[in-house]
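Below you'll find the structure, written out as C-alpha cells, and then a few comments.
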Amino acid sequence: MSRAEKIMRGMSAVERILWGIAIVGLLAGVVGLIQRLTGGHTVAAYNTYVPWGLWVAVYTTLAGISIGAFAVAALGEGLRVKALQPLSGIALFAALAALAGGLLAIWLDLSHPLRFWKLYLSTQPTSLMAWMAWFYLIYGLLLLALVYLKKAQPESPAIRPLFGLGLLLAVIMGGAEGALFGVVSAQGLWESALIPIRFLADGALGGAALVLFLSILLGHADAEALRFLRGLVLGLLLFTLVLLWAEYSTTLYAGVPSRVEALRLILFGPFSWVFWIFEIALGLVLPLILLLLPGARPAVLAAAGGLVAFTSLSAKLNLVIPALVVPEFEALRLAFTGPGLSFDYFPTLTEWLLAVGIVSAAALIFLAAYRLIPIAHPSHSS
Amino acid sequence: MIATKTISRRDFLKLAGASAGGLAAMAALGHGFKTLSASEARQQQEAGKRVVYTACVMCPAECGLAVEVENGVISNIYGNIHVPYNSGTVCAKGVSGLQLVYNVNRIKYPMIRVGERGEGKFKRVSWEEALDYIATKLIEIKQKYGAESVIMDCGDVTDRDPYYYLFRAFGTPHTVEHGSICDTPRRHGPKLMFGGKRIEPDIMRPVLVRQPDGSLKNDYSYRTRLIIYVGWNPFTATRINYESRGTVEAKLAGARIIVIDPAFSNTATKADRWIPIRPGTDADLFAAMLRYILENHRDDDPFRRYIDWSFKEYSQGWEEFEAAFRSWWDRKDPLNGLPYFSLEWAAERTGIDAQTIAELAHTFGITKPAALVWGMNGIGHHYNGYTASILGTALNVITGNMEVPGGAIDTELVKSSKGGKASGGDFLKREVTRIVNGREVKGKIEELHMDGYGDWPAAWDDVVGDYPRRFIEGVTLRYGPFRGHRYPIKAYFIRTGNPVITGSNTQKWIEALTAKDETGNYKVELVVYIDTVFLETGLYADVVLPEASYMERMSLSDIYPVHPVLYLRDFVIRPMYESKTQYEICWALARKLHEKGDPDIQPKDFWEKYPTEEDFWNEALRVAPGRPNTGEPLPYPNLPKGYKLLGTPDSLEAGRVQIDDEKKEIRGEPLTVQWLREHHGVAVWPMSWKRFHGGGVLQTDSKKVEFVWDYTVEKDGQVQRKGRYAKYNKLIEEAGETPPSIARLGWQKYPSTFYWFETRWNPYTNPDYAKYREEYPFQVISGRIHHAMSGTQMVDWLGRLPTEDLWMPLNDERVVEEVILGENGPTPTGRRVRIPRGTWSIGVIQMNRADGERLGLKTGDLVELETPQGFKTRGKVVLVETIRPGVLRLPFGGGGRFSPGLGKTWAFQDITPNHNALVDPENLSPIMGQPAYGDVIVKVRKLG
Amino acid sequence: AAQGILDQVEAAPPGAPVGELEPPPELPEAMSGQHPVVRMMEDLRRALQKPVEQRRWAMVIDLRKCVGCYACTVACISENKLPPGIAYRPVLTETRGTYPHVSRRFIPRPCMQCENPPCVPVCPVGATWKRADGIVVINYDQCIGCRYCITACPYAARSFDAGYFYSDFEGGQPQPYELLPSPEYGQGRLRRRDASPVGNVRKCHFCLHRIERGQLPACVLSCMGRATYFGDLNDPQSLVAELVSQPNVIRLKEELGTEPKVFYLV
Ligand SMILES: Nc1nc2c(c(=O)[nH]1)N[C@H]1C(S)=C(S)[C@@H](COP(=O)(O)OP(=O)(O)OC[C@H]3O[C@@H](n4cnc5c(=O)[nH]c(N)nc54)[C@H](O)[C@@H]3O)O[C@H]1N2
Ligand SMILES: Nc1nc2c(c(=O)[nH]1)N[C@H]1C(S)=C(S)[C@@H](COP(=O)(O)OP(=O)(O)OC[C@H]3O[C@@H](n4cnc5c(=O)[nH]c(N)nc54)[C@H](O)[C@@H]3O)O[C@H]1N2
Ligand code: SF4
Ligand code: SF4
Ligand code: SF4
Ligand code: SF4
Ligand code: SF4
Ligand SMILES: [Mo]
C-alpha cells in the first residue's frame, strides 16, 4: 500500500467531499488568476473611487478568522483550557490556512505584487499597513514554529509561552487591522474608535465558529469541547450584536453626513440584502437561534458555526465598500467619467472566481495539513 | 534605472508622419530598441521636441495655438500667448484636437462608393482614380448642364480659399461656406445697417493701443459696465474665445452681466441676472425695450437720458425707422389684444414680467458703456430673427454704445482682410452665354447664382438649407439677365460640413441625396465628400476624399477680434495616410480638368501662378489688414488718416510704406507666411475706437450707419438707388416678380426700413399656430456642448465631459461590435468593446423638473418627441431646475448619430435625440433662407 | 510642391534646451499691470533661484472666473499622458435652487498638495512623500499598488492606473499620442501594460516637470477664464501671495486640518 493510498484510505467521506469542493474551487480560482495575470487590474471592478473591493474583504475576513482560530488554540494550549485542548491542532491549522489565504488575497490585490518585499526593506513606520506586514510575518513564523514543535517536540516547554505570545500578537494585530481602517479620517464610516474592537470581535467570532464547524465535521469535538465552543460562539455573537448596535446607533445619532450616507447604503442601499440576509439573518440571528436551541445536536451546532464563519465575509464587505462608494464630493459622480471612475462597486466575475480560488486554496492547505501533519487527526492524537 | 525604449527621431518622423501614419510608428515602438536611463530618456524626449505656432479649428473660433510636437507626434496643444484673441488659453476641444487628428476613424484613403447611397459601402481607390472619376463627371456635367449645376459647399471650416478659387475658375457661382445654416438672421441687422456681421462686447484683452507718446502698449483694462447676452452662450459655444475670460474679468472690474436664455447656460452661471425667456420671442423683448427707451427718454433728466443723439452724426434714416417703428404702437396684436411693443404685450409673449422688461430697458439705456449681444440660437435660428437683429443693432447704436471703449464692436468690420485674389472672385465676373427660352443670353457667372438670381435674392450667404428642395426640383432663375434659365443641380461637393445632421431636417437631406430620376439614376449625379473624419453625409457620397487635418495643412485663421489680428495655420505634422491639403487637392483636380480639356482651367491661373502652397497663401495675405487708419487713438498717427492700411505691422510702424493718394492706400511690406513664422505666427495691428464716427470702417453705401435700406440720392444730377436692399428691389422691379419667400409675408419687395413679422411654429406669438398649444405643449431648442458642431463626437476626451444638462454620462452598459473606418469604408473589426454604464456622455433631453414630474417621468427615462408634422426623435430626459417650463433643450450634434465614424457616440444613436429630426424642412426664414431650427413644438411620450 | 515647406516646418524652433528655464514670453509693454502669465512666469523664475526648501508652491483658483469649460481637465490629461479613467483635475459642478432661482458653481479640483497630507503617512513603503517645496509626489517604482493612500485622501485626488489604453475602446491599435513618453517627474516613461505607472497610484504634481523649467502648469496656462494662478507663496511679491491675502479665500474641507495649498477665491 503506497503512502498516498494510505492517506486516502484514512479519509472520512466528509473529508473527501471537502477535498472535492476545494479542488473545484481552486480550479475556478485558476481561471480567475489567469484573467488577473493577463488583464491586469482592468478585469476588476475596484477602481479609483472605490479602490478596495472583494479581495480586500476576503483578506480581512481570513486574517480575522486566522486570529480567532488561533485564539481558540491558544486558549487550549496556552491558557490550558482543558476542553479546547483536543481541538488545538485543528484550530492551529485553520489559523495557518486562513492566514495563507488572506495573505494570498492581499498579495494578488497589490498591483505590483512582485514588489511586496519593499514592505520589509523599506518599511514606513507611520503606516499601519507596514506594521501589519511585519506582524503577519512574525505571526506566520510563529504559527509554523508551533506546528513544527507540536509535531516534532510535542512536549517542548516553548510551546506554551509561544502560544501566549501569539495570543498577545493576535490581539494587537486584530486591533491594528481595525486601526488600519480606523485611522483613515477621509472615509467617514471607518473613522471610529469602535472599528478595532469590532475587528477583534469579528475575528474571534469567525475563528471560533470555524473551529466549531470543522471540529464537528471532522469528528473531533467531544461533549465538553462542544459545550465550551458553543458558549464561546454564543457570547461572541451577542457581543457583536451589541457592538453593531452601538456603532450604528451612534453613527446615526451623530449624523456626520458621509457616515450616515454610508450606513444608509448598508441598511437600505442596492446591496442592503448583503446586510440583512447575510450579515444579520444568516450570520447572526439564525446561528443565535440554532445555538440557543435546547439540546441541539452537533450537526445543528456545526451548521451554526458554518453559517457564522461563511457569512463573516459579508460584514467585511459592508465595512470596506460602503464607506468608499460615498463620494468625497457628490459632484465627482459627473465631473469626469471613464473606465474606473465609478462609485458603484460590484465585484466582477474575475474577482469572484479568484476569491473562491483563494478560499479554496486555504481550505486545501488546511486539509492537506490536517491529513499530512499528524497533530490534529484523531488517529494520531493520543 | 527606468527602462525606456527609444527610437531615433528620423525613423520616427518617417513612420509617424510621412508613411502609414502614427500607427506604424507605434507598432515599431514595441520592438527591441535600446534601453535608456532616466536622464537619457528625458534628453532624447526633449531633443525631438519642437513647437509650432498654428491656428485651431476644432471650432470656428480658430484660436492661436502653440503645438508641441515630439518625434513627429503631436504631444500637446497649448494656446499661443502672442495671439491676443485667446492670449494663451485654449478650450477643452482645442486641447483634444490631437484625438481628432489621430482618430482611428479618419478617412485614410480616397474611396469610391460601391453600394447604394447611404449603405456605406466603398472601395479604396488611388487619388489618380478618384480625381479622374471626378474630373470626367464634372466635365460631362458642365457640357450637359453648365458649370452652375455644380455646388462646392465648404461647410463650417473657413479655410476654403483653394476650393473657391478652383470652382470659381471652373465656372460655378456656387462656392459656399456653411452660409445660411449658421446664423444669417442674427447677422442681418449689422449687415443691413453697418455692412458688418457680429456685434461683440469690447472685452478682448489685451489690445494693442497707441499711446500719447507714440509708443504702442498693451491695454489690459476693462471699461464695460454692462453686457446683455441674449441666446448666446460663449462659455460653452466658444466661438468668441475672449468672451470666456473677458466676461468674468469685466464683471470683476464692475460690469453687470445679464443673460437672457430659456436655459440656465454656463454663461448664465456668471450672470448677475438670468432671464429665462420663452423661445422665439427675443424680437418682442427688443421691441419693447426700444419702445420703452423711446417713450421714456428725457434729454434733461440724467436718470433717463437713454439716447445718445450723437449717433445721428454717423447715421442716416433714423426718422424713417422710428416712424415705421412707432406706426405699430397703436395697433393691437390679434392674439392678446394688446398694443404692439408695449410692456404688457411683450410680457404676455416673452413670459417675462413687464416690470423686468422695463428694468432691463432702463438699465440698458442708462448704463454706459454697454453691449447688447445676441447669438445664433436665440435669434439666428428663428424665423423672425431678422427683426430681433435689426432692433438689437438699433438699440446699440442709439444708446451710443457702438465703437466706444468698453461698448459694442462689430468685429466683422475691424478684423483683418484676407483672401483677396486667392478667393477667385475675379472668375465670377467672367462672361458666359446660356440659351434661355430659345434665346442666347450673355451675363456674368455670378448672375447664374441660384439664390441671388433665384428664390432668395437678398441672401448674401448661400441658402444651404434650401439645397434639398433644389436637388429634387432644380433651379429656375427669376432675376437678372438669365431670368427664366432652368438648371438642375448635378454635382454636390461637401467639404468639412455635415448637412445631413446640421443643415435642417435630416430626413429631407437624405431624401434629396438619394432621389432618383425616371431613369433610375441619382438626381444629383455626383456627391463628393471631402473631410478628415467620416460623418453622416459621407454615407451618401460617391467619392470620399481624405483632406489633411488642420494640423497638417496651411491656411489663415478667420476670427472675430476687436481689431486686426491675423495668424497662420501652419503644417504641424505631415499629412497622414494619403490625405492631402486643400491646395494639393485643388491643384491636382485642376490638372486633371486641364488634361481632360476643360477650357476654363488654365495653367497660368494655377500652377504657373502659385507654384507652391506658400505662394497661394502669400496671395491671400496680400490684402491684410485692409482696414483704414482710423479711430481714436489713431493707429498710425504718422500715416494719413482714413487711408487703407496694407502690409506687415512692423513696416507700417517704421514707415516703410508707399502712399497711394489716388486709391487712398498705405502699402507697407506685404505680409507673408515667412513673416508670420518669424513672429510667433501672428500679426497684430493697433486697436482704436470710434471707428464709425469718421466714416472709417462702415461698409454701407453712405459709409454711415443706415436705418434705411432702399433710398435714393442725387449725385451729379443723377438719381441713384442706395441701401442694402436697393439692389434686390431693383431686380424684383425689373422682373416684376416677388420672391416666394417674402410673398408669404405679404410683401412685394424688401422693406426700406423697420419691419415686423411673426415667427412660425410658435403658438404663443403667431395666431396661426395657437391651436397647437394644448396638444404640443413643449417648444424645443438646441444648445452647444463641449464639441464642435457635428464633427468631433468621436473624440474620447470630450465624450468624458458633461456639458450643462445636455450631454451627460447617462449611457447604459453596452457591448458593441466595433466598426471603424477602414480602407473600404466602415468595417467591422471583429472586436467587442464594452462600454460600462455611466462612462460616456450622450446627448439627453433637458426638461424642467416640474414638467417631468407632471408627466410621470424621472431622469433617465426614454421618451419620444413628436411634432405636429409627425417628425420624431427620442432620447433620455434629464429633469432639472435649469430650464424654463414648457421648453425642452437638445444638444446640437449630440444625438441620433448614425455614422459609424463616430465610435462610441454612434453606439448610442438609438437612445439619443437628433434635434434636426424634428425641424420643419419648409420652415426657412424668409430673407436668407435660414432653417428655423429653434421653432419646433412637440408632444412627449414615454417609451418602454 | 509642399515638400519644401514641410521640411522647413520640421526645422521649426524647438522649445528651450534641456535644463534651461523657458523665458517669459515677450509681449508688448503694458499700459498698466501685466499679463498674468508673464507675471507668474517671472514669479516662477524668482522662486527657482531660491533653494528648493524655501519655495512653497501654491495654486489659486478664482471660482468667480471659472466658466466650467474643462480646458484644465483635458490640458492636464494631455500634458501628463493620462490613460482613460484618470483625470487629475476634474471640475465639480454644484447646482442649487429651484427654477428660476438657480445657481451653479464650477470647482476644479487638482491635488491640494496638503501641508499635512493624510495620504503620505499611510503609505507602507514610503513611495509617496511631501517634497521640500511642498509638492506631494509619488515614486512609481517604489509604489506597490496597495491603494491605501487613495482611501486616505479626503479630496479623492489620487487615481489608480488600472492599465487602460484609449485603443482598448477604439480600434485596438495603440494611438500615437498615448505612446508618447509621459513627462511626469521628468522621467519620460513610455506607457506599457506591464510597467509603471500602470498599477500605480497617480496624482497631480503641480506639473513639477514644467515648473522646474520655468513653465506654468498646463492647467494654469490653458485656463479659458484665466481663473487659475500659480506661484510661490513664500514670495510676498508673487501673484499668488497677493491673491491669497484677500478676504474671500477659502479652502476645501478646511476643518480637516490638511492645510491645502490650493486656495479658492469666492
Ligand atoms: N463648443 C462649441 N462651440 C461652438 C460651436 C459648437 O458646436 N460647439 N459652434 C460654433 C458655431 S458654428 C456657432 S454658430 C456658435 C453658436 O453659439 P451660440 O449661439 O452661443 O450657441 P448655442 O448653444 O447654439 O445657443 C446659445 C443659447 O441660445 C439659447 N436659446 C435657444 N433658443 C433661444 C431663444 O429663442 N431665445 C433665447 N434668448 N435663447 C435661446 C440656448 O438655450 C443656448 O444656451 O458657437 C460656435 N462655437
Ligand atoms: N438643430 C440645429 N441645427 C443646427 C444648429 C443648431 O444650433 N441646431 N447650428 C447650425 C450652425 S450655427 C452651424 S454653423 C451648422 C454647422 O454645421 P456644419 O457646417 O455641417 O458643420 P459640421 O459638419 O457639424 O462640423 C465641422 C466639420 O469640420 C470637419 N473638420 C474638423 N476639423 C477638420 C480638419 O482638420 N480638416 C477637415 N477637413 N475637416 C475638419 C468635421 O469633420 C466636420 O465635418 O449647423 C447648423 N445646424
Ligand atoms: S475655442 Fe475653438 S478654436 Fe479656440 S481652442 Fe477652443 S476649439 Fe479651438
Ligand atoms: S489632496 Fe489628497 S493626494 Fe493631495 S496631498 Fe492632500 S491628501 Fe494627498
Ligand atoms: S498605492 Fe503606492 S503610494 Fe499609495 S500607499 Fe500604496 S504603495 Fe504607497
Ligand atoms: S498642475 Fe499639472 S498635474 Fe496638476 S492638475 Fe494642473 S496640469 Fe494637472
Ligand atoms: S480651464 Fe479655467 S475656466 Fe475652464 S474649467 Fe478649468 S479652471 Fe474653470
Ligand atoms: Mo454656426
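Lettering of chains follows the sequences in order, A, B, ..., and the numbering in each one begins at 1. All figures in this text were calculated on a predicted structure; none of them were measured in a lab. Both backbone and side-chain heavy atoms feed into the values below; hydrogens, waters and symmetry mates do not.
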Measure A/L180 against the heavy atoms of chain C and call it side chain, backbone, both or neither at under 4.5 Å. both
Select one option (side chain, backbone, both, neither) describing which atoms of A/V183 are under 4.5 Å from chain C's heavy atoms. side chain
Is the closest side-chain heavy-atom distance between A/H112 and C/S196 below 4.5 Å? yes
In terms of heavy-atom contacts, A/S122 and C/Q142 come closest through OG-NE2, 2.7 Å
If you count heavy-atom pairs under 4.5 Å between each of C/F160, C/F106, C/Y70 and chain A, which one has the most? C/F160
Separation of C/D194 CG from A/L37 CG (nearest 0.5 Å): 12.5 Å
Taking all atoms of both residues into account, what is the closest heavy-atom pair of A/Y46 and C/R147, and its distance? CE1-NH2, 3.3 Å
When the 4.5 angstrom heavy-atom criterion is applied to C/P84 and chain A, the contacting part is both
Examine distances only and state if a side-chain atom of A/W190 and a backbone atom of C/T151 form a donor-acceptor pair shorter than 3.5 Å. no
Is there a donor-acceptor pair closer than 3.5 Å between any side-chain N or O of A/R115 and the backbone N or O of C/I144? no
Quick check: do A/F329 and C/I107 have side-chain heavy atoms less than 4.5 Å from each other? no
Under 4.5 Å from a heavy atom of chain A, the part of C/Y140 involved: backbone
Examine distances only and state if a side-chain atom of A/T48 and a backbone atom of C/S159 form a donor-acceptor pair shorter than 3.5 Å. no
Identify the heavy atoms of A/L119 and C/P124 that sit nearest to each other, and give their distance. CD2-CB, 3.5 Å
Does the A/Q124 side chain pair with the main chain of C/C123, one donor and one acceptor, at a distance under 3.5 Å? yes
Which heavy atom of C/C146 sits nearest to which heavy atom of A/W52, and what is that distance? O-NE1, 2.8 Å
Under a 4.5 Å cut-off applied to non-hydrogen side-chain atoms, are A/L334 and C/T93 in contact? no
Taking the side chain as everything from C-beta on, heavy atoms only, tell me whether C/V91 gets closer than 4.5 Å to A/F336. no
C/P90, C/A87, C/A156: which one forms the most heavy-atom pairs within less than 4.5 Å of chain A? C/A156
Could you check A/T123 against C/V125 for side chain to side chain contact (heavy atoms under 4.5 Å, CB included), going step by step and ending with a plain yes or no? CA-CA 5 Å; A/T123 312; C/V125 294; over 6 Å; no
Which pair of heavy atoms, one from C/P121 and one from A/T126, lies closest together, and at what distance? O-OG1, 2.9 Å
For C/R109, is it the side chain, the backbone, both, or neither that has a heavy atom closer than 4.5 Å to a heavy atom of chain A? side chain
Please report the shortest heavy-atom distance between C/I150 and A/P51, naming the atom on each side. CG2-CG, 3.6 Å
Should A/E328 and C/K253 be marked as a side chain to side chain contact (heavy atoms under 4.5 Å, CB included) after you check the CA-CA gap, both sets of side-chain angles, and the distance that decides it? CA-CA 10 Å; A/E328 283 78 357; C/K253 301 195 179 180; 3.9 Å; yes
